[in-house]
Amino acid sequence: MQARPCHIVPTSFPSPSKLPRFHRTPSPAKIKIPRVISISTPDTTDHASSRTSLDTIDDHVAAFWDYQFLFVSQRSETNEAATLRVVDGAVPSDFPSGTYYLTGPGLFTDDHGSTVHPLDGHGYLRAFSIDGVNREVKFMARYVKTEAQVEEHDPETNTWRFTYRGPFSVLKGGKRLGNTKVMKNVANTSVLRWGGKLLCLWEGGDPYEIELGTLDTTGRFDMIDGCDSSIDNRSNGGDTWDMAAGLLKPILYGVFKMPPKRLLSHYKLDATRNRLITASCNAEDMLLPRSNFTFYEYDENFKLLQRQEFNIPDHLMIHDWAFTDTHYILFANRIKLDVIGSMTAICGLSPMISALSVNPSKSTSPIYLLPRFPEKSPSKRNWRVPVEAPSTMWLLHVGNAYEAKDVNGNLQIQIHACICSYQWFNFQKLFGYNWQSAKLDPSVMNVKEGGDELLPHLVQVSINLDAYGTCQESSVEPLNQWSKPADFPVINPDFSGNKNKYVYAASSSGSRQTLPHFPFDMVVKLNLLDKSIHTWTVGARRFIGEPLFVPKGREEDDGYLLVVEYAVAIQRCYLVILNPKRIGKADALVARLEVPRHLNFPLGFHGFWAKSS
């Protein structure tokens, strides 16, 4: 196994008051401390001593470091697979052979004084290949060689200079005024293996194709398949907003290099039809009070089966969405243009995302039910009229959605999702990042008052339509009355789009006063039939990311759960295998495998399980 040197973390830490804003040295070969984003914390240390033992450090300062260490840059890549050491339990012999892919940002600071938001960090793909027969796991990790990554990284010296702004960041050591490199496609949000291709996706551009065995980057992959290539050449002789779009397109496409259609990073797999479903939106709609969404459905060979476009008369920001047997479902996360923010963003004085802000002007949440197969729809419902859910909610992630029709033609739709409050959600403060100070503040993710209602939490949204498509009732309730902050709801993927009994998610035990809500430290299993709740907690000063279900048999909870454990206090990452049937029991842990210290990686976003062919 060969890898370039990375930055080893000391076992004792300086007081945060003694830290510079960035850790910088001129020679990467001499770097001995991690490149991290600093965060603010109360000064609770004795100034007579510049270093304090971790055993005696106040928990406020420990929380500062624990949160910070989730975002430690990792510059090393593997050239060949490393076999992970089993530290607890054993890989089960009946574990299905395959690969767990996990993507997320890998780098946050360069060598010239700039730092970026975690959402703008270069994509770092991790692959855990699990061999149930030989009961071993091999690990690889490589950067996705996007256009931005190739420009900003010097492979000879392993140094970085950020030149792209990205949507969420402002460069300190790079060009600010006149920098039009906004669309920094870092391919860091989600990963998919479909039709023989491995793809890393990002919110706003083409995915990048990755070579299966080596994790080498092949290049951009056009999922839209050129079917929208003429869209920027259309003449807009319609309403005022069509004329505005016509004026914006040359600027967005030509100056800021935005693609005409931005592919969303979240996709769906229709388990019944064995289809991949993706969605895109128009670039100019970011600035206009209307939204155009296009949905694409592919067969198992990546052949495009159908394409449908919907024009919605509202200004929306969609990250995730849902589908059922007959509908695409969009939760209307409503936004508005910030005029002052737009001016400072265009001048390079603030992030481009500061041009937008949330719009909580309605007391309800519009939900659009878009027909998947309009020619087969018996109700002829006007899809432009949304269902108004009786609460104001910002949708983050969807676990599953399904529908059931009774003998009278009435349709009931159920959606299991993670939502948060408009009051809490702020484009410029995601993960607690402050672009002006270039710091992360954990208090943003750990609000004290009303945290259970403001922060991300799990809900069940129910919609009842009559045979004519008229909404008779809609409701939003905590999923199984689970009120603790939670996110990343997942299910057995074999039940995607169908009625499911179980939902799994990452949640918080609330056992730590300084970090009561985030980062997550617990896996929760919710039984939707008997309303029971079972949990598995990772332990003190250890956190988890998104869980992932690996199917094994016919029963819905017959399989294994995979989750990465971030032991920040000792700077270690572990792959954890759990038995879903035993969540809540002492023997839920099946195995824990240690990633080599020099390959320790930052918090991942979304993963994908691909069984061996």
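Of the inter-residue distances, the one linking Leu515 atom CG with Gln513 atom CD reads 11.0 Å to the nearest 0.5 angstrom. Interatomic distance, CG of Leu455 versus SG of Cys420, reported as 8.0 Å (0.5 Å rounding). Of the inter-residue distances, the one linking Ile277 atom CD1 with His266 atom NE2 reads 15.0 Å to the nearest 0.5 angstrom. The CG atom of Leu575 sits 12.0 Å away from atom CD of Glu594, with the distance rounded to the nearest 0.5 Å. Taking CG of Leu526 as the start and CD1 of Ile583 as the end, the distance is 11.5 Å to the nearest 0.5 Å. We find the CZ-OG distance between Phe543 and Ser508 to be 9.0 Å, quoted to the nearest 0.5 Å.
A salt bridge links Lys581 with Glu555: the distance from a Lys NZ or Arg NE/NH1/NH2 to an Asp or Glu carboxylate oxygen falls below 4.0 Å. Classification of Lys145 and Glu77 as a salt-bridged pair holds, one side-chain N sitting under 4.0 Å from a carboxylate O. The pair Asp494-Arg554 does not meet the salt-bridge criterion, since no charged nitrogen lies less than 4.0 angstrom from a carboxylate oxygen. Salt-bridge formation is not detected for the pair Arg541/Asp59: no Lys NZ or Arg NE/NH1/NH2 atom is positioned less than 4.0 Å from an Asp or Glu carboxylate oxygen. Between Lys525 and Asp557 a salt bridge is recorded (basic side-chain N to carboxylate O distance below 4.0 Å). The residues Arg592 and Asp88 are annotated as salt-bridged, a charged nitrogen and a carboxylate oxygen being separated by less than 4.0 angstrom.
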Given the rule in the salt bridge (Lys or Arg N to Asp or Glu O under 4.0 Å) test, do Asp587 and Arg582 qualify, once you have shown the distances and angles that lead to the verdict?
CA-CA 7 Å; Asp587 59 348; Arg582 305 298 296 173; 3.0 Å; yes
Take Phe302 and Phe221 through the test side chain to side chain contact (heavy atoms under 4.5 Å, CB included) and record every step on the way to the result.
CA-CA 12 Å; Phe302 246 123; Phe221 179 71; 3.8 Å; yes
Determine whether Arg75 and Leu107 satisfy the following criterion, side chain to side chain contact (heavy atoms under 4.5 Å, CB included), listing intermediate values before the conclusion.
CA-CA 7 Å; Arg75 298 191 172 200; Leu107 192 85; 3.9 Å; yes
Chi angles and distances behind the side-chain hydrogen bond (donor to acceptor under 3.5 Å, both in side chains) call for Tyr560, Asp94:
CA-CA 10 Å; Tyr560 293 100; Asp94 64 347; 2.5 Å; yes
Between Asp111 and Thr159, does a side-chain hydrogen bond (donor to acceptor under 3.5 Å, both in side chains) hold up when you go through it step by step?
CA-CA 6 Å; Asp111 296 294; Thr159 57; 4.7 Å; no
side-chain hydrogen bond (donor to acceptor under 3.5 Å, both in side chains) for Asn158 and His153? Distances and angles first, verdict last.
CA-CA 7 Å; Asn158 195 25; His153 179 235; 2.9 Å; yes
Apply the test side-chain hydrogen bond (donor to acceptor under 3.5 Å, both in side chains) to residues His122 and Glu152: give CA-CA distance (whole Å), side-chain angles for both, the deciding distance (0.1 Å), then the verdict.
CA-CA 10 Å; His122 284 293; Glu152 296 184 341; 2.6 Å; yes
Candidate pair Asp66 and Arg512, rule salt bridge (Lys or Arg N to Asp or Glu O under 4.0 Å), full reasoning
CA-CA 12 Å; Asp66 290 352; Arg512 190 172 181 183; 2.7 Å; yes
Run the side chain to side chain contact (heavy atoms under 4.5 Å, CB included) test on Met445 and His517 for me, step by step, so that the C-alpha distance in whole Å, both residues' side-chain angles and the decisive distance to 0.1 Å come before the verdict.
CA-CA 7 Å; Met445 307 293 290; His517 305 312; over 6 Å; no
Evaluation steps, side chain to side chain contact (heavy atoms under 4.5 Å, CB included), between Glu565 and Val563
CA-CA 6 Å; Glu565 171 188 326; Val563 68; 5.9 Å; no
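Note: Phe139 and Phe128 have tilted aromatic rings, judged against thresholds of 30 and 60 degrees for the angle between ring planes. Taking the six-membered ring for Trp and thresholds of 30 and 60 degrees, Phe520 and Phe488 have ring planes more than 60 degrees apart, a perpendicular arrangement. Between Phe71 and Tyr67, the two ring planes are tilted [angle within 30° to 60°].
Formation of a donor-acceptor pair under 3.5 Å by the Asp120 side chain with backbone atoms of Lys184 is not found in this model. A side-chain donor-acceptor contact under 3.5 Å links Asn480 to the backbone of Asn527. Between the side chain of Ser509 and the main chain of Met522, no donor-acceptor pair closer than 3.5 Å is present. At distances below 3.5 Å, at least one donor-acceptor pair connects side-chain atoms of Glu556 with backbone N or O atoms of Lys501. Judged by distance alone, with hydrogens and angles left aside, the side-chain atoms of Glu209 form no donor-acceptor pair with the main-chain N or O of Lys197 at under 3.5 Å. No donor-acceptor distance shorter than 3.5 angstrom exists from the side chain of Thr535 to the backbone of Val524, with no hydrogens or angles considered. No donor-acceptor pair closer than 3.5 Å links the side chain of Asn500 to the backbone N or O of Phe495. The closest donor-acceptor contact from the side chain of Ser169 to the backbone of His117 lies under 3.5 Å. Proximity of a side-chain donor or acceptor of Asn134 to a complementary backbone N or O of Glu136 within less than 3.5 Å is not detected. Checking side-chain atoms of Asp270 against main-chain N and O of Arg275 turns up no donor-acceptor pair under 3.5 Å.
For the residue pair Tyr502 / Asn400, no side-chain donor-acceptor distance below 3.5 Å is found, with atom types taken as modelled. Residues Tyr296 and Ser280 have side chains that bring a donor and an acceptor to within less than 3.5 angstrom of each other. Of the N and O atoms on the side chains of Ser73 and Trp160, not one donor lies less than 3.5 Å from an acceptor on the other residue.
Residues Trp194 and Tyr101 keep their aromatic ring centres 6.0 Å or farther apart. Ring centroid separation for the pair Tyr433 and Phe108 does not come in under the 6.0 Å cut-off. The distance between the ring centers of Phe601 and Tyr124 does not fall below 6.0 angstrom. Taking the six-membered ring for Trp and the full ring otherwise, the centers of Trp321 and Phe295 sit less than 6.0 Å from each other.
Side-chain contact between Lys268 and Tyr328 is absent, with no heavy atoms from C-beta onward closer than 4.5 Å. When side chains are defined from C-beta on, Arg273 counts as touching Asp325, because their heavy atoms get closer than 4.5 Å. For the pair Leu593 and Val86, the minimum side-chain heavy-atom distance is below 4.5 Å. Put simply, the side chain of Val191 does not reach to within 4.5 Å of the side chain of Arg126, judged on heavy atoms. By the 4.5 Å heavy-atom criterion applied to side chains, Ser483 and His457 are not counted as neighbours. Looking only at side-chain heavy atoms (C-beta outward), Arg542 and Ile570 come within less than 4.5 Å of each other. Within the 4.5 Å cutoff, no side-chain heavy atoms of Glu203 are placed close to those of Leu119. Contact annotation: the side chain of Glu147 approaches that of Arg220 to within less than 4.5 Å [non-hydrogen atoms, C-beta and beyond].
Each of Tyr164, Tyr208, Trp202 was evaluated against Thr146; a single residue qualifies, Tyr208, per the side-chain contact (heavy atoms from CB on, under 4.5 Å) test.
Taking each heavy atom of Phe605 and Thr189 in turn, the nearest pair found is CB-O, 3.6 Å.
By the 6.0 Å contact criterion, NZ on Lys531 is enclosed, its count of non-hydrogen atoms from other residues, nucleotides or ligands being greater than 12.
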